[in-house]
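Data first, discussion second: the structure below is written as structure tokens.
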Amino acid sequence: MLSIGYSSCHWCHVMAQESFQDTKTASALNQRFVCIKVDREERPDIDAIYLAAVHCLTGEAGWPLTVFCTPDGKPFYGGTYFPAREGMGKPSFHNVLSSISEAWHDRHDQILRDADDVTAALAIRCEPRPPLVSISLRETDQRVSMVRNALKRISKGFDYRWGGFGTAPKFPQPALLTILTAVAACPPEGLDDTAIIAQQIATLSLASMGAGGIRDHLGGGFARYSTDRRWIVPHFEKLACDQVSLARCYLRHWWWSGEPAWLDIAQETLTYLLIELTSARGGIYSAQDADSGNREGDYYLWSYGELKQLLSHREASEAKLAWGVSRRGNFHGRNVLHRPWSGASSPADAGVLAQNLQLPSHLRTIRDTLYKARSRRPPPDKDEKTITEWNAAAVGCLSEAAMATGESRWLAAAVKTATFLTEHLRREDGRWMRSWHAGSAGHLGTAADYAELVNGFTRLGEASGEAVWTLQGLEVANAMVELFWDYEHMGFFSTGNDAPPLIARPKELADGSSACANAVAATALWRLAALTDNEILRNIADSTLDLLEHTVVTTPAAAGGALSALHFRLVGPIQVVVVGKRTDLVKEAHRKYRPGMVLAWGEPYPSPIWQGKSPGYAYVCRQGSCLPPARSPEELSVQIDTGLPALAGHK
């Protein structure tokens, strides 16, 4: 009996309390089964295989994931949450155990055949499909058409009143928001009409989530998802990976649009991450639970009576209106704080809402009072393990925040987190590990860990101008290719060639709650290849993008990461090299969100892009062609934004 879950999963806690901690059920489990518990965050490779198995068996999957397997790990039956008593359309867990045990003895041979069939189906599912046509051989207009068609299909699932995609439950889907902002900020030639739609979808989604209860309006950060269409009532767990990906979405949207509300939300989210989820050593913890005091969301909920006790009559009335507090409440008689609004009737409404999200000074004072009072409540538990993938993603996001805002606190946090990773998550032989807890690292790192490390170190090199981080990214990239690259079918396997074999070897080609490993790898390798002029990495990035094409064409809603990689390929890479101490030129390169640009400055490192360039100038180059050296920020700006087409014929 294999049970897969994670620390902040509410229904994982429920099943643990109802069944695993029940003496009768525990006895039945121990007498009849070998019981295995897996943390999906520590072993995403195992989770991916058995999640796919349960989806094949039942048509649905989620956590807690409950799978029954043969002794060699082949699955033959599974589900998600099984209640202690029959209900919710599900049999009781105790009855499931009895039925499985009887079937194992009475229909043993049939179960073995079923397990073989499921395993064979998994092997086919894990086999990569060949690319439809090599992207590297496509004309630019064909690539642009691919992006346009994908975004058109994505827009059909958009909720034009409340933002986001689908109805309820609603997930933020930051990988999709990332590509939408990128297209809005820098549309490839021929996509100007699509860029307008992308901007509207991204803006309304960010505004609605920023107003909704999915956002913690007192302490910052975002819950995992919303249980309703309007983003008001969340599932209250807060995961580090969600904070990073959503902070990046808001940061980039501000970087492009200049709307102050987006910067406020991005910085609030990163501040929450650093205050509530970061250890003294510098590693970022995984999550805060949904429950506090054994009650779901109790830490975050308010009654109007509580406001009246803490605030003056006038302040309580203002808080009631500002955060949608009612006597009846919106969650079990209490209130999830949110900014009330009636939804969008036109695209302009999102911009109005964004402006209204900024709190005037008197509401900020009230917010601070409520936050201090809430801090005295019993807090949700924290999952204090450190995941390499999520910490590396935080390094990348914090580096971008430092570049976009010029604030040293974000750069210092990025360096501290990156240093923690290099000191604690890398073995003496150089092998990166997946997680760290209580002083020790465990589990071999996956392709997702390596891909985010490449991106994080590369972005930190661009933010700091310190060569060590770019070279660190190059070292990880080479190791990623050695351990995970599929030389037969292209792309990166999830597990390394040094990992113990499982019943299948998965390969991430579609996004989950964040961009898939192959998409992150493609973008990160393209960026690093542009900074180091490494042709091998460039070719590997191209081949990975070829493999992702199938997802872009068939399931674009699960291809946000792949679309971002394809977009970067279309608009970049634009190489900007600033030689010598010209902080004004560096500041200009950072001033705007330019999705296809990479920046080399500060300490030179071994790369042809530094050769033949004089100190005191900035050089804008693409595919081996460079414009004349820029002497001023104004000249550099013009070259980056309007001078690039000249590079096609300029040597």
Side-chain angles (χ1 to χ4, degrees), residues 8 10 159 161-174 177 204-239 242-243 245-247 249-250 261-262 264-266 268-269 271-273 276 287-292 295-307 316 318-344 349-350 353-354 356-359 363-364 366-367 370-371 373-375 377 379-380 513:
S8 58
H10 172 70
D159 183 343
R161 183 172 184 187
W162 298 106
F165 301 89
T167 53
K170 233 178 198 178
F171 289 80
Q173 301 197 44
L177 296 178
L204 179 56
S205 298
L206 294 172
S208 296
M209 291 190 299
I214 191 173
R215 173 185 164 211
D216 182 353
H217 289 262
L218 301 184
F222 286 83
R224 167 112 274 207
Y225 65 89
S226 173
T227 61
D228 64 286
R229 178 186 173 193
R230 298 169 58 188
W231 304 102
I232 293 178
V233 178
H235 216 288
F236 293 90
E237 68 262 32
K238 296 164 80 173
L239 274 65
D242 295 333
Q243 313 315 313
S245 56
L246 286 170
C249 288
Y250 282 97
W262 309 140
D264 287 349
I265 295 173
E268 286 174 7
T269 305
T271 298
Y272 161 77
L273 187 76
E276 296 293 341
Q288 272 189 312
D289 287 359
D291 304 346
S292 51
R295 294 176 60 184
E296 184 184 3
D298 196 55
Y299 183 74
Y300 302 100
L301 300 172
W302 295 86
S303 68
Y304 184 53
E306 288 174 303
L307 297 187
E318 291 176 338
K320 177 182 176 182
L321 291 174
W323 288 292
V325 176
S326 68
R327 297 182 188 277
R328 182 179 179 181
N330 54 29
F331 186 79
H332 299 314
R334 297 172 75 193
N335 293 272
V336 180
L337 301 186
H338 64 286
R339 302 301 303 278
W341 78 302
S342 56
D349 291 344
L353 176 60
N356 291 337
L357 289 177
Q358 285 199 289
L359 294 179
L363 285 180
R364 290 177 182 266
I366 294 173
R367 181 194 62 185
L370 296 178
Y371 175 71
R374 193 183 76 174
S375 299
R377 298 174 177 177
S513 58

- request: Could you walk me through whether His217 and Arg367 pass the side-chain contact (heavy atoms from CB on, under 4.5 Å) test, one step at a time?
  value: CA-CA 8 Å; His217 289 262; Arg367 181 194 62 185; over 6 Å; no
- request: Output yes when Glu268 and Arg215 qualify as a salt bridge under the 4.0 Å nitrogen-oxygen rule, no when they do not.
  value: yes
query: If you measure from CD on Gln358 to CG on Asp264, what distance do you get to the nearest 0.5 Å?
result: 5.0 Å
query: Does a side-chain heavy-atom distance below 4.5 Å link Lys238 with Tyr272?
result: yes
- prompt: Sub-3.5 Å donor-acceptor pair from the side chain of Ser292 to the main-chain atoms of Pro380, do we have one?
  reply: no
field: From CA spacing to verdict: side-chain contact (heavy atoms from CB on, under 4.5 Å), Leu359, Arg339
entry: CA-CA 10 Å; Leu359 294 179; Arg339 302 301 303 278; 3.2 Å; yes
message: Strictly by side-chain hydrogen bond (donor to acceptor under 3.5 Å, both in side chains), give each pair with a member in residues 161-171 just once, sequence neighbours left out.
response: Asp159-Lys170
field: Pairwise distance CG(Leu307) to CG(Leu370) - rounded to 0.5 angstrom
entry: 6.0 Å
field: Counterpart residues, ring-ring contact (aromatic ring centres under 6.0 Å, His included), relative to Tyr225 (two or more places apart)
entry: Phe171, His235
task: Would you give the length of the straight line joining atom CG of Leu246 to atom CG of Leu273, rounded to the nearest 0.5 angstrom?
output: 11.5 Å
- prompt: Can you name the closest pair of heavy atoms from Ala354 and Ala261 and give their distance?
  reply: O-CB, 3.1 Å
- request: Check whether any side-chain heavy atom of Asp291 lies under 4.5 Å from a side-chain heavy atom of Asp298, and answer yes or no.
  value: no
task: Show your reasoning for whether side-chain contact (heavy atoms from CB on, under 4.5 Å) applies to Asn335 and Leu301.
output: CA-CA 5 Å; Asn335 293 272; Leu301 300 172; over 6 Å; no
field: Gap between atom CE of Met209 and atom CG of Leu177 - 0.5 Å precision
entry: 5.0 Å
field: Trp262: partners by ring-ring contact (aromatic ring centres under 6.0 Å, His included), with sequence neighbours left out
entry: Tyr250, His253
message: Let me confirm one number: the OG1-CZ distance from Thr269 to Phe222, rounded to the nearest 0.5 Å.
response: 4.5 Å
For the student: nearest non-hydrogen atoms of Val336 and Pro234, plus distance: CG1-CD, 3.8 Å
message: For Ile366 versus Ala319, what's the shortest heavy-atom pair and its separation?
response: CG2-CB, 4.0 Å
task: Return the minimal non-hydrogen interatomic distance between Ala290 and Glu237, and the atom names on each side.
output: CB-N, 3.5 Å
- prompt: Do you know the tightest heavy-atom contact between Ser8 and Leu239?
  reply: OG-CD1, 3.2 Å
task: Apply the test side-chain contact (heavy atoms from CB on, under 4.5 Å) to residues His338 and Trp231: give CA-CA distance (whole Å), side-chain angles for both, the deciding distance (0.1 Å), then the verdict.
output: CA-CA 9 Å; His338 64 286; Trp231 304 102; over 6 Å; no
- prompt: Quick check: does any side chain N or O of Thr227 sit under 3.5 Å from a backbone N or O of Val233, one acting as donor and the other as acceptor?
  reply: yes
message: If you apply the rule salt bridge (charged side-chain N to carboxylate O under 4.0 Å, His left out), what do you find for Glu306 with Arg334, and how did you get there?
response: CA-CA 10 Å; Glu306 288 174 303; Arg334 297 172 75 193; 3.4 Å; yes
field: Separation between CD of Gln173 and SG of Cys249, rounded to the nearest 0.5 Å
entry: 11.0 Å
- line: The salt bridge (Lys or Arg N to Asp or Glu O under 4.0 Å) partner of Arg224 among Asp216, Asp242, Asp289 is Asp242
- request: For this output row, return yes or no: ring centroids of Phe331 and Tyr300 closer than 6.0 angstrom.
  value: no
- request: Identify the heavy atoms of Ser208 and Leu353 that sit nearest to each other, and give their distance.
  value: N-CD2, 4.1 Å
